[in-house]
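Reading through the structure tokens given below for one structure.
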There are 2 protein chains.
Amino acid sequence: MTTARPERADAARNRRKILDAAARVLTTQGAASLSLDAVAKEAGVGVGTVYRRFENRARLVYELIDENETRFQAEFATHADAPPRERLRAFLHGLAELADDNRELLLLAEASVPAGRYHSGPFRRHHEQVSQLLDALAPGADSAYLADLLLMAYTPGLLDFQREHRGWSLDRVTQGLDTLVDGIAATHSPGQLPS
Amino acid sequence: MTTARPERADAARNRRKILDAAARVLTTQGAASLSLDAVAKEAGVGVGTVYRRFENRARLVYELIDENETRFQAEFATHADAPPRERLRAFLHGLAELADDNRELLLLAEASVPAGRYHSGPFRRHHEQVSQLLDALAPGADSAYLADLLLMAYTPGLLDFQREHRGWSLDRVTQGLDTLVDGIAATHSPGQLPS
DNA sequence: TCCTTAAGCGGAGAGCTCTCCGCTTGACCG
DNA sequence: CGGTCAAGCGGAGAGCTCTCCGCTTAAGGA
């Protein structure tokens, strides 16, 4: 659809500079200091340039996360031969850990543009993966919708709220998701109907 | 816990003035113009006063919504004698309409403080209601967690994304929720327990 | 009624995100 | 190799949310 022509060489160079600068600011000064002014200064470019490359703060943060995520995807690929239910579980558990590890960063992204998440690379990929697994597990179900809902479990603000205010551990979340998956499998059971 | 002493008379008066002013700004100038500066001016108080009464923009908006919601709660009470599954469905469908009607306002609240929702009066009430209904429908399930997740379906940004980018109607959402509820009921069916 | 004081008030200003627009430069073409 | 121009650049500034703090006032006891 939106097949824009490739970035000019200087633009690509700046993109990298900004991403690297952001990572540096993040580790040295913490997420709270990750203002785009600060990033621009660290990268040695103007604020305008940052906004030209990244549209808004959330986009920059999601791109940052995206770069860290290849590791997770690779790891998940090792489960390729397990049955769908196990694969889905493994994926959802992995996602929980991922969300937990990056929670400060994700919270930041959500705070600046809440709906940005749905347009981000990671979300799109996760949605596709979960949809496919659901199709294998529960043919006939509305997998696209259910995938949306399952992924909502990883909304940074919710996870934070559950941890800080409800006092729940991450286990409670993954177990809740597991039983939900069982429920979905039960109503759309492919072959093994109750004996 | 947080049993603060009641507001002073002038404070209560200002609270009302601000809430009314906000409602007025909202209808006359639209959600986009609902800055707290504008509200303060309209109400004839200082910005500091607005923040003293409401902590942040999201809180003000949620309080505004809260005032409109009594109608919904009253309407739902009429289903009191139906079986749990029907009641839960009715509640979830009502919630969908409510979210749809207030979507501009809810989007605004989410944009300013994403996690504010979980602390809002409406969310707390909805969570309690859904938990109770789930307990009746599926004893033994982790109703508190499932209620969280079901309510995530009404996240303003998600609803907006599903409508605008995925091109889904509200019906698809409510149907998805219905089948999910069936799934929950199926894995924890009260009637099929060994007697 | 007067005194005391916690609560409330207002608005200047800090600090942020994002826009706008005049200037610069890389990429491509003849 | 020189010319053309879309793309990129920088940073001033608009507009927002929220904080801070010196002044004011409601409320309740003596």
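Residue numbering restarts at 1 for every chain, and letters A, B, ... go by the order of the sequence lines. Atom set for the values below is all heavy atoms of this structure, side chains included, hydrogens, waters and symmetry mates excluded. Here the structure is a predicted model, which means the values were calculated and not measured.
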Below the 4.0 Å mark, does [N] have OP1 or OP2 next to a side-chain nitrogen or oxygen of [X]?
| X | N | result |
| --- | --- | --- |
| B:Thr49 | C:dG10 | yes |
| A:Arg52 | D:dG8 | yes |
| A:Arg53 | D:dG8 | yes |

Could you state the [atom1]-[atom2] distance from [X] to [N], rounded to the nearest angstrom?
| X | N | atom1 | atom2 | result |
| --- | --- | --- | --- | --- |
| B:Leu108 | D:dT17 | CG | C1' | 12 Å |
| B:Arg59 | D:dC18 | CZ | C1' | 15 Å |
| A:Glu55 | D:dG8 | CD | C1' | 17 Å |
| B:Leu60 | D:dT17 | CG | C1' | 13 Å |
| B:Lys17 | C:dC9 | NZ | C1' | 11 Å |
| A:Asn14 | C:dT24 | CG | P | 17 Å |
| B:Lys41 | D:dG15 | NZ | P | 12 Å |
| A:Asp10 | C:dA27 | CG | P | 7 Å |

Side chain of [X] only, heavy atoms from C-beta on: which candidate in [options] is closest?
| X | options | answer |
| --- | --- | --- |
| B:Leu36 | D:dA26, D:dT17, C:dT17 | D:dT17 |
| B:Asp37 | C:dT17, C:dG8, D:dT17 | D:dT17 |
| B:Val45 | C:dC18, D:dA7, C:dG10 | C:dG10 |
| A:Asn56 | C:dC9, C:dC18, D:dG8 | C:dC18 |
| B:Arg57 | D:dT25, D:dC18, C:dA27 | D:dC18 |
| B:Tyr51 | C:dC18, D:dC18, C:dC9 | D:dC18 |

Is there side-chain contact between A:His119 and A:Tyr62, with at least one heavy-atom pair below 4.5 Å?
->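 Counting from C-beta outward, A:His119 and A:Tyr62 never come under 4.5 Å.
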
Mark yes or no for a side-chain to base donor-acceptor pair under 3.5 Å between A:Arg8 and C:dA27, with no hydrogen or angle criteria applied.
-> no

Starting from the 5' end of DNA chain D, give me the residue, B:Val47 or A:Val47, whose nearest nucleotide shows up first.
-> A:Val47

Pairwise 5' ranking along DNA chain D for B:Ala32 and B:Ala9, keeping only the more 5' one =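 Taking each residue's closest nucleotide, the earlier one in sequence belongs to B:Ala32.
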
What orientation do B:Phe72 and B:His126 show, parallel under 30°, tilted 30 to 60°, or perpendicular over 60°?
->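 Geometry flag for B:His126 against B:Phe72: perpendicular rings.
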
Which of parallel (below 30°), tilted (30 to 60°) and perpendicular (above 60°) describes B:Phe123 and A:Phe161?
->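 Perpendicular, since the angle between the ring planes exceeds 60°.
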
Determine yes or no for a side-chain-to-main-chain donor-acceptor pair under 3.5 angstrom, with A:His127 supplying the side chain and A:Ala144 the backbone.
-> yes

Closest contact, heavy atoms only, B:Asp135 versus B:Ser143 | OD1-OG, 3.0 Å

